Amino acid sequence: MALWEGRFKKELDARTNDFNSSIHFDSRMYKHDIKGSIAHTKMLEKQKIILAEEAKAIVQELSQIACELENGTLQIDFDAEDIHMYIESELTKRLGNIGKKLHTARSRNDQVALDIRMYLKDEIISIVDLIKKLIKILLVKSEENLETVMPGYTHLQRAQPITFAHHIMAYVEMLMRDIERLQDTYKRTNIMPLGNCALAGTTYDIDRRYVQELLKFDDITKNSLDGVSDRDFVIELASDISIIMMHLSRFSEEIILWCSWEFKFIELDDSFSTGSSIMPQKKNPDITELIRGKTGRVYGNLVTLLTMMKGLPLAYNKDMQEDKEAIFESIDTVKICLETIMPMIETMRINKENMKKAALKGFINATDCADYLVRKGIPFRDAYKITGEIIAYCIDNNKDLDSLTLEEYRNKSDKFDEDIYESVNLINCVMNRNVIGGPSPIEVKKRIDEVKKIM
Ligand code: ARG
């Protein structure tokens, strides 16, 4: 019989029970549920709402249930409606009347709000840890490639010279913002909702601050209706994770390109790529393709949550049970993607020669040629036009800016001297981009050291 027996004259229809039940996915919060119940029990005791010996028995038995679930001696009953009902009924099975006192001054509405907040707090911390690990791997790759010149792209067309370190450090910046966003979401998740009960608080003399302290929350919710029906923090986390996935997906796309014969900038280790069932020559970057693909379902979860909440009247509605599968799937996905991409990046080989070759073709030092003329007193727009004519000449005559003779240069402008070759030299082009945030090895190294200090 369900815990709400009394009002009901019939057992719940079996199919309805299955439909209604959330235990298949909310059972992962069992530890948080028990921890929350223990804090609630201690508060009931302190406020003399239940007796000390009753509290002692409840706390002891709840800890015992946690242990047994942990070591597998107790199996969850998946016919239960949800993890909250299951643990309470297991407690009552063991303690009889005393167990029935646990739910005094509490509702599943504030209970589930508490559990999900506690659960998400833990998950936010572990996602932040994973991102930090990934950042550390990227810092190592960057330090090894401070002078690895490659073309920087716009519109996927070779544009200006940068280094591989500079390129990788762009992802470090994204990931650092991801951490900031998660930490910000953590602040709003770290608010304790217990005591709001079903929707209107309680007439018992409870001590919400005490529960807050026991469970290490920063503050308590300030309106009982909002406290049980707020899922903003779930949506925020789903959004943070979507942005992380977007970053991982962009990086994946670049890795996929870089592995292709068209680029061959990197080679993935055999243990992180797969072959084809028919084409013997193939080595495919499946991991990165899957990350790119899985980003779609994470975006889907964000839209699920936003849509699920948009028409709900205050306060709790059962629709909100749908929050869990969506946010759990996003969490699981981002964690597995972070865990999988790390060793893949750690072991990938960088083909410095091919990056350099690509950098030498495509006139990515054209801006530097124009800038040279500007330094000789020509207005930028004119310098730009002269350089454009030089590039057209090079294309027609199969030359590049390094192999053009001084005479050919002078045919276009008499401002050219021997020192033009220094200005269009690729290494110098990178070195001279020493503005803060630029690709010069000194600047990139500075940033690497700054990031190392905060990580
Ligand atoms: N399993 C429910 C959820 O996830 C728990 C809260 C149910 N409350 C209720 N009054 N039906 O949201």
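Fair warning: this is a prediction, and the values are worked out from it, not measured in the lab. Along the sequence shown, residues carry numbers from 1. First listed ligand is number 1; within each ligand, the first listed atom is number 1.
Among protein heavy atoms, the minimum distance from atom 11 (N) of ligand 1 is reached at R108 NH2, 3.5 Å. Looking from atom 6 (C) of ligand 1 to the surrounding protein, the closest heavy atom is Y316 OH, 3.4 Å. Among protein heavy atoms, atom 10 (N) of ligand 1 sits closest to N109 OD1, 3.1 Å.
Within the 4.5 Å cutoff, the side chain of S252 has heavy atoms near those of the I341 side chain.
Side-chain atoms of E68 and T73 form no donor-acceptor pair, as typed in the model, at a separation below 3.5 Å. Side-chain contact annotation: S37 with R106, donor-acceptor N/O pair under 3.5 Å present. One side chain, D33 or Q111, offers a donor N or O that lies under 3.5 Å from an acceptor on the other.
Residue-to-ligand polar distances keep E81 apart from ligand 1: every N/O pair is separated by 3.5 Å or more. The N/O atoms of K324, backbone and side chain alike, include one that comes under 3.5 Å of an N/O atom in ligand 1.
Of the listed residues (R231, Q321, H84), the one carrying the non-hydrogen atom nearest atom 2 (C) of ligand 1 is Q321.
Every residue meeting the ring-ring contact (aromatic ring centres under 6.0 Å, His included) condition with F164, not counting sequence neighbours, appears here in chain and number order: W258.
If you number the atoms of ligand 1 from 1 as listed, the ones under 4.0 Å from a heavy atom of S22 come out as 1 (N). Close approach to D82 involves these atoms of ligand 1, each under 4.0 Å from a residue heavy atom: 1 (N), 2 (C), 5 (C).
Considering all non-hydrogen atoms of both residues, R181 and D240 come closest at O-OD2, 3.4 Å.
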